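One structure below.
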Amino acid sequence: MLRLGPGDDAAILRLGQRSEAVVTVDLLTDGVDFRLSEIDPRRAGRKALAVSLSDIAAMAARPTAAVVAVALPEQNGRELGEQLFLGMLPLAEQFGVAIAGGDTNSWAAPLVISVTVIGEVAGEEPLCRSGARPGDKIVVTGDFGGSILGKHLDFTPRVDESLLLSQRYRLHGGMDVSDGLSLDLSRMATASGVGACVELDAVPVSRAARELAARANDGSSALEHALGDGEDFELLMAVPPDDAQRMIAEQPLDVSLTIVGEFVDEQGLWQLDSQGNRQTLAPRGYEHRLD
Ligand SMILES: [Mg+2]
C-alpha cells in the first residue's frame, strides 16, 4: 500500500502490518549530470548512488539496498561498467547498502545510469516536505553554491546526519537540497502551505561559490550562487525554535548547522536583508529542460 506518493524525496510503501519501505530512484546521464570525458568514471558511479542516498537521508530513513540499471555506450562499455561499479562500492559499504542487483544494457549513445535505493523509516515518522509550520526555523547543514567545482561529484550524502538529528531533536519537515537552496526551500514551503523568509546574511556561502563569483564574466555574486546553484545535497529542515536553538548550540555533527531564516504564515518566498527590509525572493535553481 502506498503511504506517501509522488512529491516528496522518496515514496513510502506499507508492506504487511508493520514494515514500511522507503523507495527512491534517480537517473543520471553523461553530459548532463557529469562529463565522462573529463572525470574518472568511478566518480560518476559514486555520484549515481550518492544522489539516491541523499533522497533517503531527506526522509530521515536508513538505506538498506540498491538496484542499478545502466545503458552503457557500446564503445568500451564493459570497462566503463566495471569502473562505475567500483566507484559505487566504497560508498555502499560506508552506509551498509547492499547492491542487490540491476540490469545492464548497451546502446550507441552516451551512458545513462539509474540507481534505486530502498530503505526503512528509522524513527516513528518519516521526514516529509509538508511538515513545516509558521515559526519553525529553517535549518541547513553545510554550505551552499559552486558545487560544479567538485562537490557535485564527491559530496557525502547526509544519511548519518539526518538519522542523528531526527533521533535527538523534533523536526517538523525536511528535504535534501538538490536543485538550489531558494528553489527547494520554496518547494518545501509550498508543500507545507506556508511561506519562508531567508535572512540573507545568515546563508552559509561556500568557498566554491566565492571562487566562482570572483571569476571574470561570472555575473553572479557568491550569495546568488549559494541561493541558486544546484547539487549541494545538504539537508533543509523545519525545526521548532527551541530545538533549533539547542541544535545550533550543541552542533552535534561534523558538518555545521545554521539557521537561515524561518517559516512564516504568509505564503511565498521572502528575503530579509541586514537593514531588516523584507522583500520577495525569486526562487532560482536547476530545472530540467522540457519542451
Ligand atoms: Mg531530493
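Given the structure is predicted, the values throughout are model-derived calculations rather than measurements.
Using modelled atom types, one side-chain atom of Ser186 and one backbone atom of Leu183 make a donor-acceptor pair closer than 3.5 Å. Looking at Asp179, its side chain never comes within 3.5 Å of a backbone N or O of Asp184 through a donor-acceptor pair. Proximity of a side-chain donor or acceptor of Glu262 to a complementary backbone N or O of Pro134 within less than 3.5 Å is not detected. At distances below 3.5 Å, not a single donor-acceptor pair connects side-chain atoms of Ser192 with backbone N or O atoms of Ala189. For the pair Arg43 (side chain) and Leu36 (backbone), a donor-acceptor distance under 3.5 Å is absent. The main-chain N or O of Val23 is never found under 3.5 Å from a side-chain atom of Thr116 such that the two would form a donor-acceptor pair. Here the side chain of Arg284 pairs a donor or acceptor atom with the backbone of Glu224 at under 3.5 angstrom. Of the possible polar contacts, none joining the Lys151 side chain to the Ala208 backbone as a donor-acceptor pair under 3.5 Å is found.
For the pair Ser114 and Val25, the minimum side-chain heavy-atom distance is below 4.5 Å. Side-chain contact between Leu13 and Leu2 is present, with heavy atoms from C-beta onward closer than 4.5 Å. Taking the side chain as every heavy atom from C-beta outward, Asp229 and Phe144 never approach each other to under 4.5 Å. Counting only heavy atoms from C-beta outward, the side chains of Ile99 and Phe85 approach each other to under 4.5 Å. In this structure the side chain of Leu200 never reaches within 4.5 angstrom of the side chain of Ser274, judged on heavy atoms. Contact annotation: the side chain of Leu269 approaches that of Ser182 to within less than 4.5 Å [non-hydrogen atoms, C-beta and beyond]. Between Ile148 and Leu212, the closest side-chain pair of non-hydrogen atoms falls below 4.5 Å. In this structure, Pro204 and Val260 have side chains that are in contact, with non-hydrogen atoms separated by less than 4.5 Å.
With rounding to the nearest 0.5 angstrom, the CD atom of Gln271 is 7.0 Å from the CG atom of Asp273. Here the CG atom belonging to Leu80 is positioned 12.0 Å from the CZ atom belonging to Arg42, to the nearest 0.5 angstrom. To the nearest 0.5 Å, atom CG of residue Asp154 and atom NZ of residue Lys47 are 10.0 Å apart.
Scanning all heavy atoms of the two residues, the minimum distance from Ser221 to Ala213 falls at C-CB, 3.7 Å. Pairing each heavy atom of Cys128 with each of Leu4, the nearest pair is SG-CD2, 3.7 Å. Nearest heavy atom pair, residue Ala48 against residue Val51, reads O-CG2, 3.4 Å. Minimum heavy-atom separation, Gly145 to Asp232: N-OD1, 2.8 Å. The two residues Glu231 and Ser147 make their nearest non-hydrogen contact at O-OG, 3.1 Å. Of all non-hydrogen atoms in Cys197 and Val264, the two that sit nearest each other are CB-CG1, 4.2 Å.
In the model, Glu234 has a side-chain atom that pairs as donor or acceptor with a side-chain atom of Thr141 under 3.5 Å.
Under a hydrophobic clustering in which Ile, Leu, Val, Met, Phe, Trp and Tyr are joined whenever their side-chain heavy atoms come within less than 4.5 Å, directly or via other members, Leu272 and Ile138 fall into different clusters. Hydrophobic cluster membership differs between Leu281 and Tyr286, with clusters built from Ile, Leu, Val, Met, Phe, Trp and Tyr side chains linked at under 4.5 angstrom. Hydrophobic clustering places Leu49 together with Val68 (ILVMFWY residues linked when any side-chain heavy atoms are closer than 4.5 Å, directly or through intermediates).
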Can you give me every donor-acceptor pair (side chain of residues 239-254, partner residue at least two apart or in another chain, under 3.5 Å) with its distance?
unit_1, atom_1, unit_2, atom_2, d
Asp242, OD1, Arg170, NH2, 3.2
Asp242, OD2, Arg170, NH2, 3.4
Asp243, OD1, Arg170, NE, 3.1
Asp243, OD1, Arg170, NH2, 3.0
Asp243, OD2, Arg170, N, 2.9
Asp243, OD2, Arg246, NH2, 3.4
Arg246, NH2, Arg168, O, 3.2
Glu250, OE1, Tyr169, OH, 2.5
Gln251, OE1, Leu257, N, 2.9
Gln251, NE2, Ile248, O, 3.2
Gln251, NE2, Leu257, O, 2.9

Result block: side-chain N/O donor-acceptor pairs under 3.5 angstrom for residues 54-61, not counting sequence neighbours:
unit_1, atom_1, unit_2, atom_2, d
Ser54, OG, Asp176, OD2, 2.7
Asp55, OD2, Thr24, OG1, 3.4

Go through the steps to decide whether Leu72 and Leu111 satisfy the test side-chain contact (heavy atoms from CB on, under 4.5 Å), and finish with yes or no. CA-CA 5 Å; Leu72 297 164; Leu111 169 71; 3.8 Å; yes

